[in-house]
Amino acid sequence: MTMNAFQKLAPRPPLLTVSDLTKSYGGQIGCRDVSFTIRPGEVLGIVGESGSGKSTLLACLSGQLAPDNGSITYDMHGRGPVDILTLSEPERRRLARTDWGIVHQNPRDGLRMDVSAGGNIGERPMAIGARHYGNIRAEAQDWLQKVEIDITRTDDKPRTFSGGMQQRLQIARNLVTRPRLVFMDEPTGGLDVSVQARLLDLLRGLVRELGIAAIIVTHDLAVVRLLADRLMVMQRGRVIEHGLTDQVLDDPHHPYTQLLVSSVLQV
Amino acid sequence: MSGTMNTDLGGDGYNFAFLDEQTKRMIRRTLLKALSIPGYQVPFGGREMPLASGWGTGGLQVTASVLGPNDRLKVIDQGADDTTNAVSIRRFFHTVANVAVTESTEQATIIQTRHRVPEAPLKEGQILVYQVPEPEPLRRLIPRESETRKMHAYAEYGTMQVTLYEDIARFGRIARTYDYPAIVNGRFLMSPSPIPKFDNPKIANNPAMQFWGAGREKRIYAVPPYTTAHSLDFDDHPFEVQSWKGCCALCGSTMSYLDEVITDDKGSRMFVCSDTDFCTTHQAKAAAQTKVVGEHS
């Protein structure tokens, strides 16, 4: 027992280490000198106003954009820490398909709208070699249950789903390969408040249960308050404040963070 | 420029087999590349042919490039030697190359085909040329060429499997009946052109050389002799070909691909072999046998 407790307390090696990441679009700065680490099972929130470089940062991290400068080191399964910018394209695509998940703000970007819910969830297992229909389907239904979608909807197309269901389906589709790191871009954007609350509840449960590390980009402070262990505040492409979520939100130091926290409407 | 055309005239102003020699060399280089990377779609500089694209211009160009004066050509369309397209293409090569033509699968050295693989087994030395409307098996799923090329390069074929999954989810079986995708030589995903899946097993380990020519898309790919071609499937839903309850109404064959033919406007119909050469050969054999039996009794 005590041994286990000690093991839990001992710091685990970082899953992702980002140093001096810079990306500019011509003269326009996307993000500049961003550095942080994230450990297995940790949830990092990135907040900031529109145009502060959150999405650029996320796109660079998830391999959708090539940064101008800096390094991104990821602790790969069986290979140890690797700078993912030095990986070949097929290796990077494989990593993004198996060990990572990307949840888009708009489910239409992350789902195949003309493929059934079961097929959407089964795509990743099939991409890495699953060839038994019965098993793929059972796994898909298992995941539908986990994200609280009725399994009678397995063969329905996502376009017949509500916005909240689509978002939950997208999450199931990403988590089915048990990724160790999930990137989420405004996962609750465009959903009404009660659906948001349920989705957040679900996400929190899944992230904790599976021990997934997640990077959540949002402008919604309530989302990070609920989900994130640590918080980074960005403005004009730079990280201006970071720390434990509660610490940053309850005792903001930077004037911009103070403004951000104080501008949340209290009901 | 009149009177100064190619010296190798057939008498009617055409070079042998219509295409100029430089074009044929280019296409032959493409064919060699296609043979060395089985299933890989090699781009080539497709030429205008005296035929609308979609009617077999790709196959026509491949046939023109491999055709020699001593070859014997057979052309089939949906398995039949006597359909408009088959007759036209056969007559075309007879005119511009003056080669021997035949309807017999066994005697042909080159067979250009659309929608079928002949029933009679092919031999070493024979060449089978397919006409292809859409060479890219992933096109209906991924419209972007840059993306499908990457998917081929990295062998990412999971998406294709998703379409088969969807079939089983909706119909309880893999409902795709033609243009059934296959992995060639354990590497490249290939569209076998719109042949029925009944013919897919014939592509694998065939002693003949097989070329696919897509004229509009300007792509050529190949399966060399004795090369594997695995039709995609699931472990619990294995690949299977069509089967029929009866036999061919004309020759009585039970192993051939049957076409349903409507015989009047009262709903009568019959099933006959789509491969006309196979059917007539089979009928002749049966007739000879009854004759022999009749003489003995």
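Just so we're clear, the structure is a prediction, and the values are computed from it rather than from any experiment. Chain identifiers are assigned alphabetically (A, B, ...) following the order of the sequence lines, protein sequences preceding nucleic acid strands; residue numbering begins at 1 within each chain.
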Non-hydrogen side-chain atoms of B:Y165 and A:R137 separated by less than 4.5 Å = yes

Just wondering, more than 12 heavy atoms not from [X] lying within 6.0 Å of its [atom1]?
| X | atom1 | answer |
| --- | --- | --- |
| A:W100 | CH2 | yes |
| A:Q28 | CD | no |
| A:R94 | CZ | no |
| B:R140 | CZ | no |
| B:E240 | CD | no |
| B:F239 | CZ | yes |
| B:M255 | CE | no |

Mind listing the closest non-hydrogen atom pair of [X] and [Y] along with its distance?
| X | Y | answer |
| --- | --- | --- |
| B:I168 | A:Y133 | CG2-CZ, 3.4 Å |
| A:G119 | B:V162 | O-CG1, 4.2 Å |
| A:R131 | B:D233 | CD-O, 4.0 Å |

message = At a 4.5 Å cut-off on heavy atoms, which part of B:E166 comes close to chain A: side chain, backbone, both, or neither?
response = side chain

query = B:R149 and A:E89: salt bridge (Lys or Arg N to Asp or Glu O under 4.0 Å), yes or no, with the steps?
reply = CA-CA 13 Å; B:R149 276 194 207 178; A:E89 195 177 3; over 6 Å; no

request  = Using non-hydrogen atoms and a 4.5 Å limit, figure out which bit of A:R112 sits close to chain B: side chain, backbone, both or neither.
outcome  = side chain

Gap between atom [atom2] of [Y] and atom [atom1] of [X] - 0.5 Å precision:
| X | Y | atom1 | atom2 | value |
| --- | --- | --- | --- | --- |
| A:M126 | B:M160 | CE | CE | 11.5 Å |
| B:Y154 | A:R92 | OH | CZ | 8.5 Å |
| A:D114 | B:T163 | CG | OG1 | 11.0 Å |

